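Shown next, in structure tokens, is the structure this report addresses.
Read the numbers this way: they start at 1 and go in the same order the structure lists the ligands and their atoms. It should be emphasised that the depicted structure is a prediction, and the values quoted were computed from it without experimental measurement.
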Amino acid sequence: DVLIRLENVTKQYGGTEEPAVNNLTLEVLRGEVLVLVGPSGCGKSTTLRLINRLIEPSSGKLFLDGEDVTSINPSLLRRKIGYVIQQVGLFPHRTIAENIATVPKLLGWDKKKIDERVDELLEVVSMDPKTYRERYPKELSGGQAQRVGVARALAADPDVLLMDEPFGAIDPITRDRLQNEFLRLQQDLKKTIVFVTHDIDEAIKMGNRIAILREGSEIAQLDTPEAILAD
Ligand code: ADP
Ligand code: ADP
């Protein structure tokens, strides 16, 4: 069951010679973690930004659940797709609770429902709501900030999570713990996840399937971690 489909997608940024993404065709199956792995600059981040329409393709088409993404209302798309990036991008002048509530607020949820959801999500990412709700991002460690980033992305219960090196800027021990926690969480969530990393070990650990990309987003191999390890 295909949830996301990219069909011959090309993205050429202005003022560059080579397209960042070149004629990419890719399917993401419902409920899987598909990892895009490859060297810096091969178009991984661009691919995620195309999926959630932060940028438009130069050519080609993208489908979410069979629907052309250009025909989906942008606020509906924000609800259906959660996005986690490496440097979290928490709003510094908003509390942790307000940060997590960003999308629910945009969607007009009432205050009680938002408060309950924030507490629930902090529990999900193993942070005590009483301790952390009213804190500010600068009072968090890198690992905690990344947990809040995951909580914020999950707030409106999206179908899809796009994760761009979510644990990339974290020390190795905390990263390992976050990876394990996230894998456990995913067993319940069963979200459709596109996970970007340049680290093949992380790809093998996190992915149900792995797409190994070369320059210009060319797919060198697309297979299960077991099959890739066997090569
Ligand atoms: P990756 O995530 O694999 O590191 P990116 O998608 O960030 O790759 O970048 C792919 C290519 O597109 C790189 O050559 C990068 O320099 C270029 N690029 C990315 N974003 C922009 C942009 N906003 N404007 C121009 N070029 C960009
Ligand atoms: P990542 O690989 O995680 O996307 P980058 O350092 O490539 O991180 O990009 C960080 C930001 O800079 C992104 O918003 C991207 O669009 C922009 N960017 C990357 N490469 C270029 C470029 N060659 N020209 C303009 N903007 C770029």
Side-chain angles (χ1 to χ4, degrees), residues 3-29 32-64 69-70 74 77-78 80-91 142 145-146 149-150 152-153 158 160-172 175 178-179 182 186 191-225 228 231:
L3 186 61
I4 302 168
R5 178 172 165 78
L6 285 74
E7 215 170 89
N8 304 109
V9 170
T10 294
K11 175 63 186 183
Q12 173 102 47
Y13 289 107
T16 58
E17 277 176 26
E18 302 295 330
V21 168
N22 191 7
N23 199 29
L24 177 64
T25 295
L26 183 68
E27 291 183 337
V28 187
L29 308 178
E32 78 169 339
V33 181
L34 177 69
V35 178
L36 307 182
V37 64
S40 181
C42 73
K44 305 182 296 294
S45 299
T46 299
T47 301
L48 295 192
R49 287 185 224 126
L50 286 162
I51 294 171
N52 64 7
R53 283 194 77 201
L54 290 177
I55 54 176
E56 301 295 330
S58 310
S59 61
K61 286 203 172 298
L62 292 98
F63 300 91
L64 177 63
V69 294
T70 58
L77 205 64
R78 290 287 92 80
K80 284 181 176 258
I81 302 181
Y83 188 37
V84 185
I85 58 176
Q86 183 177 115
Q87 300 294 351
V88 190
L90 296 178
F91 304 113
Q146 219 51 35
V150 171
R152 183 175 62 178
V160 176
L161 274 186
L162 304 179
M163 308 185 77
D164 195 344
E165 306 239 7
F167 311 131
I170 312 283
D171 70 87
R175 184 193 310 152
L178 287 175
Q179 288 168 343
F182 192 77
Q186 168 65 358
K191 298 287 179 199
T192 303
I193 298 177
V194 188
F195 188 108
V196 159
T197 180
H198 61 260
D199 176 357
I200 186 73
D201 293 329
E202 183 171 61
I204 285 167
K205 180 170 177 180
M206 303 304 287
N208 299 122
R209 289 193 306 152
I210 300 171
I212 300 177
L213 303 183
R214 294 200 193 105
E215 196 71 359
S217 73
E218 185 197 343
I219 298 175
Q221 199 177 357
L222 173 56
D223 220 325
T224 61
I228 283 170
D231 269 2

Touching ligand 1 at all, Pro39? Heavy atoms, strictly under 4.0 Å?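 Heavy atoms of Pro39 do come under 4.0 Å of ligand 1.
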Minimum distance, heavy atoms only, to atom 11 (C) of ligand 1: which one of Pro19, Gly43, Gly41, Gly15 is it?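 Of the listed residues, Gly41 has the closest heavy atom.
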Rounded to the nearest 0.5 Å, how far apart are CG of Asp199 and CZ of Phe167?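 Asp199 CG to Phe167 CZ: 12.0 Å, rounded to 0.5 Å.
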Point-to-point distance, once rounded to the nearest 0.5 Å, from CG of Leu213 to CG of Leu26: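 Reported value, rounded in 0.5 Å steps: 8.0 Å.
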For [X], atoms of ligand 1 separated by under 4.0 Å from a heavy atom:
X     : value
Ala20 : 10 (C), 11 (C), 12 (O)
Thr46 : 5 (P), 6 (O), 9 (O)
Ser40 : 4 (O)
Ser45 : 1 (P), 2 (O), 6 (O), 7 (O)

Check: Pro225 and Ile210 side chains under 4.5 Å, non-hydrogen atoms: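 Yes, close enough: below the 4.5 Å cut-off.
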Validation row: Tyr83, Arg78 side chains within 4.5 angstrom (heavy atoms):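 No, their side chains stay 4.5 Å or more apart.
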Say whether Thr16, considering both its backbone and side-chain N or O atoms, lies within less than 3.5 Å of an N or O atom on ligand 1.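 N/O-N/O distance below 3.5 Å does not exist for this pair.
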What residues form a side chain to side chain contact (heavy atoms under 4.5 Å, CB included) with Glu18, not counting sequence neighbours?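 For Glu18, no residue satisfies side chain to side chain contact (heavy atoms under 4.5 Å, CB included) once neighbours in sequence are set aside.
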What pairs meet the salt bridge (Lys or Arg N to Asp or Glu O under 4.0 Å) rule with one or both residues in residues 7-17, with sequence neighbours excluded?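 Non-adjacent pairs meeting salt bridge (Lys or Arg N to Asp or Glu O under 4.0 Å): Arg5-Glu7.
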